[in-house]
Amino acid sequence: MRRLKGIGVSPGVVAGRAVVLIQRAHVLRYQIPPARVDHELQRLDDSRGRSRGQLVEIQAQLSERRPELSSLFDAQLLMLDDPMLLPRAAEIVREQRVNAEWAVQQVFHEFSAVFDEVADLYLRERKGDVGDLVGRLRMNLRQGLSTPRDLLRELDEASVLIADELTPSIAAQVDWTKVRGFATDAGSRTYHTAILARSLDVPAVVGLHNASELVQAGQLIVIDGTSSEVILDPTPDELERAAHHADDHRPAASVEAYRRRPASTADGVPIRLDANIEFPDDLAAARYAGAEGIGLYRSEFLVTSGVEDIRDEDRQYEIYRGMLEGMAPGSVTVRTFDVDEEQLASRLSPHAFTAGWEPDEARASRQGLRGLRLSLTRPDLFRIQLRALLRAARHGSLRILFPFVSSVEQIREARAMIVTAAADLARRGEQVPRVPIGVMIEIPAAAYTADLLAREVDFFTIGTNDLIQYCLAVDRADERVSRLYQPLHPAILRMILMVRRAASRQRIPVSLCGEMASDPAQLTLLVGLGLTEFSMTPGAIPVAKQVLAELRSDELRALARRILKLATIDEIEQALLAALGRLTLTKGVAS
Ligand code: PEP
Ligand code: MG
């Protein structure tokens, strides 16, 4: 048994098997000193050993239940010994002196290039096996830790969540009827997620510094939010105590009551809460959470999931139509594909490549050719998507949203494409209704020219996820600077206010769909800045309704005015959380 002392931010005692979540685990590239090369090679070797063990186990399980499928993993086991794979990754580590994760990723690209050249369809499809195996190797390089989405999908009963940090939007994706409590390395008593924990009635301890390193996935853990402790491998007595307390907690009960209510502040200002979704199937979750509509459908998941043929106009039409009918009378805002070159190219079969379109590894980047910019370079694909959308528009309330816009010229070009797509349909004898066209404000240049852009479009959607990273020059995937990724930076607040004012002057609606909206504390500040429309991950909607219902809009405006005069993020956070500390939500905080 081992006890870790942290800060109890939500009372109660619970026990469960640990699910470990490392949010900052990305494929990073970093240089290693010569003395570390052997260590990286050892990590590669360990990852191979773990992967082999897992594959053999999967095969054994399958041979009992689905014997016909177990041979599928023979290929992956053979690949583990292929000199082109791990020995090649080791060579990259030695020669380029880079970390093992990056080397494995490079090998995957090399493999992919070879497979794409192969004419034999069977062999080409083996690329999927390599991708699967590389994913496993990478996962094992992170010592068995998976991505947030994977982990959250695989939760079984009686889990507790141990994370390096837990953003409100990730917290919102957790099924709190299965996860009994959480503990994080980061955080303080005023940590934003703490507010969420208390409103959900989930015991939580934060500020543990290195719990996510010490706790092994699957380890039995007690989280005691009342005495601010996390107990690893608890004694039977400790487990008994947790079981005794468990009856006191009916997670999420208070929030549940808010699902069906329309959102408004305590003084009756209506607030529109839409849902962000990635897959058409998420519609059910959006409706269940009480979303008014879909404020952001990230249609690019049609591209990246690899399931759909994005050149099939009829198939896209069916998907969009299904969403519009499923959400009626609520509106659905479909964002056109926001992918980069590499993502798009990897989803188009080799015969679709046209001259000059092969992905250029050196240039492929989330900063460059992406979103609307990329769509405009592929009018063939863009026109298919626009035609499918315009056809679907007859079946509900559709809005089309263009991502990653940085100039008026791009909007005009995109509008011209819409006219062309509508003309295609008119020639086919199809009626096209008028569809509102909007842009994401997610590049600082767009925020600074919001007054000019507002004259060209019907609505704005502020994408704070990208806006923050480009405004503050912080690549969120680079953990060395991710601490500088600060939504409450005065520059971000001023930009949001500027965009909101530009939209008001032009009398066009503006919503905000970045992660900021999922954070109850930041949401209230955004309402204070005058925003009244938001789109967020569905799970965050009931909590947002509850928080808003307890606050008066005039007080929030006064709070925002005070906060806009503050110079540092610390001061801003303190002012915000002090104001929210008066909420009844914060009941029963352990002191
Ligand atoms: C954003 O940038 O804030 C946004 C919502 O878009 P995405 O997260 O999909 O880039
Ligand atoms: Mg974005």
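Just follow the structure's listing: the first ligand is 1, and inside any ligand the first atom is 1.
- Aromatic pair Y470/F404: centroids less than 6.0 angstrom apart.
- Residues L296 and T461 fail the side-chain proximity criterion, which asks for heavy atoms closer than 4.5 Å.
- A salt bridge links D466 with R370: at least one charged nitrogen is closer than 4.0 Å to a carboxylate oxygen.
- Remark: ligand 1 atoms within the under-4.0 Å shell around heavy atoms of T464 are 3 (O).
- Using a 4.0 Å cut-off to heavy atoms of M440, the atoms of ligand 1 that qualify are 4 (C), 5 (C), 6 (O).
- Ion pairing between R315 and E318 holds under the 4.0 Å rule for side-chain N and carboxylate O.
- Contact check for V334 versus L401: no side-chain heavy atoms found under the 4.5 Å cut-off.
- With a 4.0 Å cut-off on non-hydrogen atoms, M536 does not touch ligand 1 at all.
- Closest N/O/S atom of D466 to the Mg ion (ligand 2): OD2.
- Between T532 and R272 the shortest side-chain heavy-atom distance does not fall below 4.5 Å.
- Only the side chain of R335 comes within contact range of ligand 1, with a heavy atom under 4.0 Å; no backbone atom does.
- Listed by number with element, the atoms of ligand 1 under 4.0 angstrom from any heavy atom of C513 are 5 (C).
- Close approach to G514 involves these atoms of ligand 1, each under 4.0 Å from a residue heavy atom: 3 (O).
- When the N, O or S atoms of E442 are ranked by distance to the Mg ion (ligand 2), OE1 comes first.
- Each of the following atoms of ligand 1 lies closer than 4.0 Å to a heavy atom of G463: 1 (C), 2 (O), 3 (O).
- The distance from the Mg ion (ligand 2) to the nearest N/O/S atom of D338 is not under 2.8 Å.
- A salt bridge links E313 with R391: at least one charged nitrogen is closer than 4.0 Å to a carboxylate oxygen.
- Taking any N or O of E300, backbone or side chain, none lies under 3.5 Å from an N or O belonging to ligand 1.
- Close contacts of ligand 1 with R370, meaning ligand atoms under 4.0 Å from a residue heavy atom, involve 10 (O).
- Between D380 and R383, no side-chain nitrogen of the basic residue sits less than 4.0 Å from a carboxylate oxygen of the acidic one, so the salt-bridge criterion is not met.
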